Peer 1: 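Handing you a structure now.
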Amino acid sequence: MSQPPTSRRYQQHRSRSATRSTRPTVPQYESRSSISGKSKSRQSPKAGPPSPLSHTHRAQSFDQSVISAPPSTTSRRSSSAQRFPPQPISIPQHKRPSHGSLSGISTTRQSSTAYENGSIISAPSFNSHHSREIREPTNSRPAPPKRVFRDQSPVNSRRSPSEKSIKATKATRKLIEELHKASESFNLDRRIVAITNACAEFDHDDDLKHNTELQNGAAQVLAKSLSTTDDDDEIRMVCAAIEMVFRAQGPYVHVAFDKCGTTMVPILLRLLERAENGSMKHADVSILNITKTLLYVSRINELRYNLARHAGMMDAMRRVATSILNPECRVARVRVIANLANCDDNKGLVLQHDGLLDSLLRIAHLDLSDSAREFAGMALMDMASAPCNQIPMVKNEKVLGTLVKMVLVEKGPGTREAAITALQNLAFTKENRLKLASFKEGIVLEALKKALSGDKNVKARRRAAGALTNLACQTTSKVMGCHKGLLDTLAIVSTRDENSEVQTRAAMALTKLAANISIHMPCYETLLDALVVASLSSSVNSVSAVLRVKARDPENRASMVRHRGILDTLADISVDPRTQIKDKDNAMRAIMHLTNESKNRTVMCTKKILDALVAGANSWAPGMEEIMDSAVRAIERLATEHSNRPFMARHEGLLVAVAAATERETILEDSGAHPGRAFLAKPLLMSLLVAM
């Protein structure tokens with residue numbers, strides 16, 4: 001193709017043609033382009049946050065702007081501007097290409113906030129996290145899970161809402177306005193149409209859309225509609241719409257309830273009673289929707305105190321076991337009770353309200369729904385955690401019988417865990433311990449023993465061990481020690497359970513009982529057997545400390561030395577390199593106390609005991625001085641029995657250990673650091689040498 005003519009006459013002809021054109025000139029074309037950076041209605045992606053223009057203004061600017069070629073193309077053709085002078089360009093409105101079809105031009109703009117008439121309209125992009133219903137059984141609700149942004153990109157920033165979301169927000173706002181206008185109308189058909197459209201719009205599971213609905217006043221409008229109608233169909237539909245919008249996230253539910261809760265809750269409770277009495281069409285649907293709304297509100301911890309004190313609220317909860325409700329309504333009602341009982345200020349109120357505790361016990365004992373029984377157990381668990389409730393609940397035999405039945409019979413791990421935790425909470429008060437331990441010939445102890453030894457749920461076993469630890473005290477030691485198999489179960493669990501925390505708690509319960517069981521009790525020998533077994537545990541326990549305390553009492557020494565396994569246990573603890581210094585010291589002191597009894601010295605002069613004493617006398621490590629002194633004292637007391645001296649003198653390493661102790665004592669005596677101290681190693685060495 002040949003080059004176009006470039007003569008001066010040709011250029012003048014082109015210039016005269018351009019001046020006769022009536023279309024927009026090039027400067028006008030560039031001033032309306034979004035690429036030139038001079039547009040007031042649209043900004044470049046690099047120009048910072050957008051100005052707070054209304055969505056309508058921006059849409060008009062977008063549609064009316066003239067599209068130019070990419071800047072790169074213009075720069076490439078600038079070198080040939082002399083040969084091809086620019087001409088005015090006109091693109092008809094119906095033939096203009098869309099932004100998405102232009103190459104090299106980015107039409108996507110992001111900002112951290114969307115504006116509507118100068119106000120922020122974007123909702124927080126949080127995932128839905130409601131209060132956890134199946135809770136860890138403690139005295140307080142655990143901290144809520146951490147909220148995360150929906151945007152999972154490496155840069156955790158919220159994007160401005162899309163055009164689609166803005167349109168949806170406007171549609172929601174328009175729908176709520178129509179609903180508000182209809183609520184003020186006396187025309188029932190108009191109100192029915194408006195609430196039907198609202199239910200169709202609100203019935204979804206997008207919590208962010210529900211947030212927007214509450215932000216735009218849907219709860220207030222629906223509460224007003226509910227207060228101005230007596231038509232059963234309209235009441236049913238309004239209750240359904242209220243339940244839908246309250247599916248939102250917790251902070252938005254909180255704000256909406258603060259605005260309309262004082263007027264809405266009394267109406268809901270009045271309608272709930274009316275529906276339960278059978279004087280309303282579609283009663284089951286209305287009961288379920290009202291109960292679910294109360295459930296959503298009760299999940300907010302800050303609202304539980306006021307919600308429980310609304311007139312008629314506790315009466316509505318009490319009717320859970322007396323009204324004819326379908327299983328879903330009954331489970332939701334029990335969940336509301338459990339949430340209300342989780343508030344510290346409500347625990348006494350729930351217990352003291354006439355008939356509410358009996359309704360909970362009936363649900364926990366007889367209801368066919370596993371979920372209903374589980375949430376009833378959680379409510380009892382939370383109520384038992386309040387100090388003001390513990391003594392009255394233990395005095396109620398129905399409470400104890402129900403909890404024991406749940407521990408022994410229930411198949412759900414969460415239900416058993418809740419019942420065991422309730423017993424653990426009730427055993428915290430000293431006045432309750434003997435009553436619990438002796439209830440129905442020890443059935444509470446039997447239930448806890450079964451849970452500790454056979455429950456597959458680790459949390460349930462840990463709670464059972466904690467309950468037995470709370471029960472163990474001076475007043476209950478005889479009852480618990482004489483309960484068949486309890487001491488043996490504690491000993492076995494403390495060594496064989498797969499969970500170290502369960503082992504530690506079981507050993508703690510055993511040692512608490514051992515500290516209060518005396519030689520005059522019939523369970524004393526069983527206790528010594530249990531201590532021997534528990535000493536084999538790999539977890540930290542205080543068996544050595546218990547044996548040391550027992551050996552300090554003169555009336556226990558003879559029975560301990562002659563009981564099978566006690567001396568071997570003390571010797572093993574003394575020489576085991578994995579044993580802590582504190583436990584070694586306790587074991588060595590126990591051996592020393594046992595040698596104080598003259599009748600024990602002949603029995604204790606064995607190779608295993610002497611090996612332990614030699615190892616203790618040779619303990620030169622820092623912090624083991626007390627162990628060395630206790631070992632030398634025990635050897636000296638064994639040597640006071642003349643028949644023991646030849647055997648002791650010939651024991652491997654014993655004379656060397658005594659000689660080293662003699663040298664150490666000589667240094668201490670010369671330094672005068674311990675005036676008045678009895679130095680026993682030198683006379684001991686002389687007596688052993690004479691015996692050889």
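Because the structure is predicted, anything quoted here is derived from the model rather than measured. No hydrogens, no waters, no symmetry mates; every other heavy atom, side chains included, goes into these values.
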Peer 1: Run the salt-bridge test on R589 and D585 with the 4.0 Å N-O cut-off and return the result as yes or no.
Peer 2: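 Here R589 pairs with D585 in a salt bridge, since their nearest N and O are under 4.0 Å apart.
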Peer 1: Could you go through D629 and R633, starting from their C-alpha distance and side-chain angles, then the distance that decides it, and tell me whether this counts as salt bridge (Lys or Arg N to Asp or Glu O under 4.0 Å)?
Peer 2: CA-CA 6 Å; D629 292 340; R633 287 176 181 272; over 6 Å; no
Peer 1: Main chain of Q390, side chain of N432: is a donor-acceptor contact present, judged purely on distance under 3.5 Å?
Peer 2: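 Here the side-chain-to-backbone pair exists.
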Peer 1: Among H593, R557, R562, R637, which residue meets the side chain to side chain donor-acceptor pair (under 3.5 Å) test with N600?
Peer 2: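 It is R562, the one option of H593, R557, R562, R637 that forms the side chain to side chain donor-acceptor pair (under 3.5 Å) with N600.
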Peer 1: Under a 3.5 Å threshold, yes or no: a donor from one side chain and an acceptor from the other, between S539 and S537?
Peer 2: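 Side chains of S539 and S537: pair found under 3.5 Å.
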Peer 1: Is any side-chain N of the basic residue among E446 and K440 closer than 4.0 Å to the acidic one's carboxylate O?
Peer 2: no
Peer 1: Looking only at side-chain N and O atoms, does N470 offer a donor or acceptor that is under 3.5 Å from a partner on R433?
Peer 2: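 Not at all, the side chains of R433 and N470 share no donor-acceptor pair under 3.5 Å.
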Peer 1: Could you check D345, N342, D344 and say which one makes a side chain to side chain donor-acceptor pair (under 3.5 Å) with R304?
Peer 2: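 It is N342; the other options fail the test.
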Peer 1: Got V407 and K450 here, is their nearest side-chain heavy-atom distance under 4.5 Å?
Peer 2: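 Of all side-chain heavy-atom pairs linking K450 with V407, none is under 4.5 Å.
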Peer 1: Just by modelled atom types, is the A615 backbone N or O under 3.5 Å from a matching donor or acceptor in the S619 side chain?
Peer 2: yes
Peer 1: How many angstroms lie between atom CG of D572 and atom OG of S574, to the nearest 0.5 angstrom?
Peer 2: 8.5 Å
Peer 1: Give a yes-or-no answer on whether the side chains of T469 and K512 include a donor-acceptor pair shorter than 3.5 Å.
Peer 2: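 T469 vs K512: no donor-acceptor pair found between side chains.
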Peer 1: Using distance alone, with no hydrogens and no angle criterion, decide if N516 and S477 have a side-chain donor and acceptor under 3.5 Å apart.
Peer 2: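 Per modelled atom types, N516 and S477 side chains form no pair under 3.5 Å.
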Peer 1: Using a 3.5 Å distance criterion without hydrogens, assess whether the side chain of N556 forms a donor-acceptor pair with backbone atoms of K550.
Peer 2: yes
